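Remember, it's a predicted structure, so these values are computed and weren't measured experimentally. Every chain is numbered from 1, with letters handed out A, B, ... down the list of sequences.
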2 protein chains.
Amino acid sequence: MTQSNAASTHGAATGSDSEIRLAVSTVIFALRRAKHPSKKWEIVMPVVRRTRDPHEGKWALPGGWLRASEGLAAAATRTLAETTGLHPAYVEQLYAFGAVERSTTRVVSVVYWALLRADAVRERAELENVEWFAVDGLWGLAFDHDEIVQYALWRLQNKLDYSGIAQGFLPELFTLSDLREVHEAVLNKPLDPANFRRQVESTDEIVSTNEFRKGSHRPARLYRTNIEKGLANHGPLQPESH
Amino acid sequence: MTQSNAASTHGAATGSDSEIRLAVSTVIFALRRAKHPSKKWEIVMPVVRRTRDPHEGKWALPGGWLRASEGLAAAATRTLAETTGLHPAYVEQLYAFGAVERSTTRVVSVVYWALLRADAVRERAELENVEWFAVDGLWGLAFDHDEIVQYALWRLQNKLDYSGIAQGFLPELFTLSDLREVHEAVLNKPLDPANFRRQVESTDEIVSTNEFRKGSHRPARLYRTNIEKGLANHGPLQPESH
DNA sequence: GCAAAAGTGTTAGGGCTACACCCATGC
DNA sequence: GCATGGGTGTAGCCCTAACACTTTTGC
């Protein structure tokens, strides 16, 4: 697109400078039971250890180079699967980072952020060079990845309010308490169960089933996500194919 | 970043495929007085005529190729100035478009969207191959630019609610009626002057001056944008340097 | 004075918050 | 029965929309 625009005065019409390389990375969020009993869940994410310079030995976001034959979102899911073996439930583009000084060589990174279902986390294989950390005290990542993770977390927290994005953490069937606990974990504050129930029921983001989860107390009704709506509204933008 | 990640199984560690080129384009919105008296203002944007294939003769978003020595936002403002001579008041990254089939050659476009002050529009030179169109009935642009424009418009409309972004259309000093008319033009619906006044006054996005605009009626107090806040909140992300 | 825009006041309704209260289960 | 989470009811508060009303100018 817009390659070699007519009115461009300089316009390197032969193409972009060949030294610029295009990477695709992904910030993947998942939940795991918190050790500390003050909160039930904490947000964790997998990072990959770098085995060469620059930033050898440091932890970095999973990712890789974009191939000419694949779209951006496809590259994100592919490189994520290759480096971590994970298949997220929700993927969305976060931002394109392209400051000159962010690496020793010139790299533009299109970063995606993703959510992992609780059941997908359990299935993950323990891979060499992949480690899971709580997002809370996560610093010292390679390149500008610290900043990227904070921005992704901010987007996640904002998106909770006006979308059903929290369901991306949950399996197909879930209770309203499950959903509320996800919100509480992401927002880092307790929510009133009664009001939370009414708020999500007033939207059409979930549909009730006639199944119940029996446990140690009164059985809770199970819900599933409303496939009509999807987890988030992206406006007129077509969803990218993975 | 994330170049040649350790755990990558394939990992073209030498770099991305050289056939992929990286373009930067900008959707610039401005206001001009509407011909039809039903509305006072209409949203317009400049497009550039293509003089070579693909899509020769069609209108396209202003843009160009990213250079190795400049950041993404800097490339956006540079190519915008080169193709249209314009210098926007507000610039924000919109999205990175990278579907394989969006052009005959493989091009990834990082698209920005921008707002032009009313006074900057007046100063614009009439350039060869640059034309201004109302966004309303704007179709038939080159590549996937139709879709991109619609998405940018959607972002602009959404952002009006929770930010002072509308001030990006206005000169340094403006009345509350000016600001309201911008909102009305973007949202395409009339707003109650009384309620609008209270809403924007309750935020700290504008600061009142002691100057007034004298005209055909009661003088209106002039306001300016609150530089402390900026026009929009981008969370933990550093503003890109242009 | 009159028209028209600037600016203030007021009221009804909806949504949100806090919290009291009942329901159904395991033990 | 009792503890615990599931689920409903409700009153106060704030924000908003609608619209009546006053103020200040040009002509």
Q: Mark yes or no: Arg33(B) above the aromatic ring of Trp41(B), with NZ or CZ under 6.0 Å from the six-membered ring centre and no more than 45 degrees from the axis.
A: yes

(Q) Please list, in numerical order, the residues of residues 180-215 of chain B that have a heavy atom closer than 4.0 Å to any atom of DNA chain C. (A) Ala194(B), Arg197(B), Arg198(B)

Q.
Among residues 216-223 of chain B, which ones have heavy-atom contacts with DNA chain D below 4.0 Å?
A. Ser216(B), His217(B), Arg218(B), Pro219(B)

Q: Please determine which of Val91(A), Leu61(A), Ile28(A) meets the side chain to side chain contact (heavy atoms under 4.5 Å, CB included) test together with Leu80(A).
A: Ile28(A)

**Q.** Segment of DNA chain D, first to last nucleotide, that comes within the 4.0 Å heavy-atom reach of chain A
**A.** dT4(D) to dT10(D)

Q: Could you walk me through whether Val27(A) and Tyr151(A) pass side chain to side chain contact (heavy atoms under 4.5 Å, CB included), step by step?
A: CA-CA 10 Å; Val27(A) 181; Tyr151(A) 181 53; over 6 Å; no

Q.
Would you compute the distance between atom CH2 of Trp113(B) and atom CG of Leu156(B) and round it to the nearest 0.5 angstrom?
A. 5.0 Å

(Q) What's the separation between atom CD in Glu181(B) and atom CZ in Phe196(B), rounded to the nearest 0.5 Å? (A) 10.0 Å

Q: Please examine the side chains of Ile206(A) and Phe174(A), heavy atoms only from C-beta on, and report whether any two atoms are closer than 4.5 Å.
A: yes

(Q) I need the single residue from Val149(B), Ile148(B), Val24(B) that forms a side chain to side chain contact (heavy atoms under 4.5 Å, CB included) with Val111(B). Which is it? (A) Ile148(B)

Q. Rounded to the nearest 0.5 Å, what separation is found between the NE2 atom of His87(A) and the CG atom of Leu116(A)?
A. 10.0 Å

Q) So what does Thr175(B) hit on the nucleic acid, given a heavy-atom distance under 4.0 Å: a base, only sugar-phosphate, or nothing? A) nothing

Q: Would you check, one step at a time, whether the test side-chain hydrogen bond (donor to acceptor under 3.5 Å, both in side chains) holds for Asn158(A) with Arg155(A)?
A: CA-CA 5 Å; Asn158(A) 276 307; Arg155(A) 275 270 275 272; over 6 Å; no

Q) Hey, are the side chains of Phe169(A) and Tyr90(A) touching, using non-hydrogen atoms and a 4.5 Å cut-off? A) no

